[in-house]
Number of protein chains: 2
Amino acid sequence: MRLVGRPGFTVIESIRFSTTTLLDVSANNQPHSADQARSTLADVAKKAGVSGSTASIAFSGVGSISQSTRDRVLKAAEELGYFGPDPRARSLRQGRSGIVGVILEDRVLYSFRDPMTLAALDGISQELSPGGGMLLLTSDGEGEPSIQNAVFDAAIFMGCSVHLARSIDIMRRRNVPMVAIEGQPFDGVLSVALDNFEASRTIAQLVYDLGHRRVATITLPLGIRRELQPVTEEVVRDATTAVSIDRLLGAREVFSDLGGYAASNSSSDDGFDAALRLLDVAVHERPTAIIAQSDLLAVGALRAAESLGLRVPHDLTVVGFDGARIEGMSEYDLTTMVQPATEKGRAAGRAVTQMLEGDECNDVAFTCVLHVGTTSAPPRRC
Amino acid sequence: MRLVGRPGFTVIESIRFSTTTLLDVSANNQPHSADQARSTLADVAKKAGVSGSTASIAFSGVGSISQSTRDRVLKAAEELGYFGPDPRARSLRQGRSGIVGVILEDRVLYSFRDPMTLAALDGISQELSPGGGMLLLTSDGEGEPSIQNAVFDAAIFMGCSVHLARSIDIMRRRNVPMVAIEGQPFDGVLSVALDNFEASRTIAQLVYDLGHRRVATITLPLGIRRELQPVTEEVVRDATTAVSIDRLLGAREVFSDLGGYAASNSSSDDGFDAALRLLDVAVHERPTAIIAQSDLLAVGALRAAESLGLRVPHDLTVVGFDGARIEGMSEYDLTTMVQPATEKGRAAGRAVTQMLEGDECNDVAFTCVLHVGTTSAPPRRC
DNA sequence: CTGTTAGCGCTTTCAG
DNA sequence: CTGAAAGCGCTAACAG
């Protein structure tokens, strides 16, 4: 589906915002100005004629208080326009904010486009305590300080690589529980792992057993430079993304010198571009099978094959990784390794919750399951 | 693409976590226990032989300090294993946490499945100040307390309906800047709007002008009960979702008694289900056109048409809404209203940033652009 | 059941 | 350039 044209936009005059309202807001930004608008629990207590601690109890419900006193406090609060304790102060006092930091490897943009990441995020959110929220942070190298300054009680890394070492060190010293989903092993970071290496070997073995010998791969981004590039030994050596490396090395257990292209991202468009490079060559050089490191990449490869007039699996075998449900792929049933993406997130969410409660936690490892679809077949005899 | 089997999982013994480490963590959970591990800025200052304020400057960089003093402080910190100020304390003192709360209407799960929501989230994240994060919160009716207790400086509502009135009230009193993307108008909440009503009328008019008179709609969820249901007047009356209502009423400007089904979510599967109900009837009762309130729903309708052997646009016209790029739709070029989803997010992000800086802000309104594709045509003569 | 007392850990005037 | 003092707003012991 192609779309044309860019929608325009218009700024309209606000009819609901009085200037006064806006000035109030800005006045609030002058730190420590005499701000009459905001009243504190102490004010409420005074007005209700009780002590601060009693007023606190009236709101938090922790501890016992007579109905009449509570009513008096609540009434005073109402009159002062006070609506409950300031979360910032509470979090300092209690040493708890209720926030779990989720550190994304990529720009939010890319993470959101990856169905596996989304599934994991969904899993995490399912397991967080009801009042808790997920604070999305990115670790774009530059982002370290944001990790160090952000308010959260526990951290979940969506894949964590070496450049996070310092942040991890700091978190560890602060006794902040940490969980990494498919990250490199790190001391003090609980690991939620996937058998990327094994699974990749399994599916490569399937391709091998079908009889393919001229095989190429399309990998997930391998390093910091997210651009379409050939998988050279240099690139492999400098790679930082554990997942991509594991999947590559797993496949190389079967095809020892497996090469191909590293995609700039896990999207079908990037898979398309990479596949074109692999397929748009002389017939006798063209691979008879493509091992893609994600289903999105595989879908791109399928499209590229179509565009070159190649039929799958007759002329080309394509296998993926993930087991993503991809809209519009109804004509193909992709051969792939199905991973429990949501479960990974749930396990991570459960782990941080438990660790915050002081319980002990063990590492968790998930395994993928091979799904043989209709995109894989023996190579055609030439 | 169908997938079979559920991957298994295994719990393995941790080899990297010593029991000691885990006990440290749990020890930390006993509030106010003598926790020697965590040292404070005051400790560092004492050790370095400087005052707390000087130590603070050494870390924050605000204010002037001699190189030698700074080094001394940093060295002391290093020795104590102190790695920078506690964000919680800082946020209390400064009255700023750097966090922007994003309140999702739905479970995180559903929000993540909707491309328009994701685009908006991406837009927001682009505009937040570098160190800032997005705190994802859900407002599942029950979730009000979480909004009230969470730590954030500004709030962005992804559509906000009446049941948030109380939370909004509280935020307003706390002088927390608020922005609503496509929400109902609320006093003190800056609005980032989309011309849902107008746009919907526009595309309905297109359908009318093509000659269609037997037309049905598939709406986004209309109320709290997210289930496939006929669009009855009762349902419309009780509807809470502004976007769905606006789009429905816009279309009804053209087809005054437009009916159909309310989907349980914006997904192609839900669109499929709804479309089947509409299409799997006697020929003379079958609508000649379907107006879907989202592209995902429209895609489902296309699939349903296919499954019934109807050809689009020959036997059925399908129009959508959003202008989503949907993977695998290459065979169709959907007629739809293209909305600037990422821009909406950016506008919201920019607005909160400005408001936090004390600047004045106006409401913003975006407009959709009609894209005429290949899924719309005059009805076939019977 | 309620009040008193002490901070949570940090930053920010304001003097020196 | 550095130090002393004063809280940010709240909660949790511990007495009464």
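The analysis underlying the following values was restricted to heavy atoms, covering all of them including side chains, and did not include hydrogens, waters or symmetry mates. Numbered from 1 within each chain, the chains take letters A, B, ... in sequence-line order.
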Less than 3.5 Å between a donor and an acceptor, one on the side chain of S53(B) and one on the base of dA5(D), is that the case here?
-> no
Using a 4.0 Å heavy-atom cut-off across all strands, classify Y82(A) as base, sugar-phosphate, or nothing.
-> sugar-phosphate
Between dC10(C) atom C1' and K46(B) atom NZ, what is the distance in whole Å?
-> 16 Å
Under a 4.0 Å N-O cut-off, is there an ion pair linking R350(B) with D359(B)?
-> no
Going by atom types alone, do S56(B) and S53(B) pair a side-chain donor with an acceptor below 3.5 Å?
-> no
In whole Å, what is the span from the CZ atom of R72(B) to the P atom of dC1(D)?
-> 14 Å
So, do F83(A) and F59(A) have ring centers that fall under 6.0 Å from each other?
-> no
What does V50(B) touch in the nucleic acid at a heavy-atom separation under 4.0 angstrom: a base, only the sugar-phosphate, or nothing?
-> sugar-phosphate
From the list dC1(C), dA12(D), dC10(C), which nucleotide is the closest neighbour of the side chain of S66(A)?
-> dC1(C)
Any salt bridge between K47(B) and D43(B), counting N to O under 4.0 Å?
-> no
What about S64(B): does its side chain form a donor-acceptor pair under 3.5 Å with the base of dT2(D)?
-> no
Got a second to check how far L136(A)'s CG is from L121(A)'s CG, nearest 0.5 Å?
-> 6.0 Å
When the distance from CZ of F83(A) to P of dC10(D) is rounded to whole Å, what number comes out?
-> 14 Å
Between dT11(D), dG9(C), dC10(D), which nucleotide gets closest to the side-chain atoms of S56(A)?
-> dT11(D)
Out of dG7(D), dT2(D), dG9(D), which nucleotide sits closest to the side chain of R93(B)?
-> dG7(D)
In whole angstroms, how far is the C1' atom of dA12(D) from the CZ atom of F59(A)?
-> 18 Å
Distance, rounded to the nearest Å, where N149(A) contributes CG and dT11(C) contributes C1' = 14 Å
To the nearest angstrom, the CG-P distance between D86(A) and dG7(D) comes to 18 Å
Just compare dA12(D), dC10(D), dC10(C) and give me whichever is closest to any side-chain atom of L41(B).
-> dC10(C)
If you check the T69(B) side chain, which of dT2(D), dC8(D), dG3(D) turns out closest?
-> dT2(D)
Does the distance from a Lys or Arg side-chain N to an Asp or Glu carboxylate O, for D169(A) and R172(A), drop under 4.0 Å?
-> yes
Any R88(B) side-chain N or O less than 4.0 Å from OP1/OP2 of dC10(C) = no
Residue whose closest nucleotide on DNA chain D lies nearer the 5' end, G52(B) versus A89(B) = G52(B)
Answer with base, sugar-phosphate or nothing: what part of the nucleic acid does L92(B) contact at a heavy-atom distance below 4.0 Å?
-> base
At under 4.0 Å, does any side-chain N or O of Q94(A) touch on OP1 or OP2 of dC8(C)?
-> no
Separation of dC14(D) atom C1' from I57(A) atom CD1, nearest Å, is 12 Å
Side-chain N,O (S51(A)) to OP1/OP2 (dT4(C)) below 4.0 Å | no
Atom CD1 of I65(A) and atom P of dA12(D): how far apart are they, to the nearest Å?
-> 15 Å
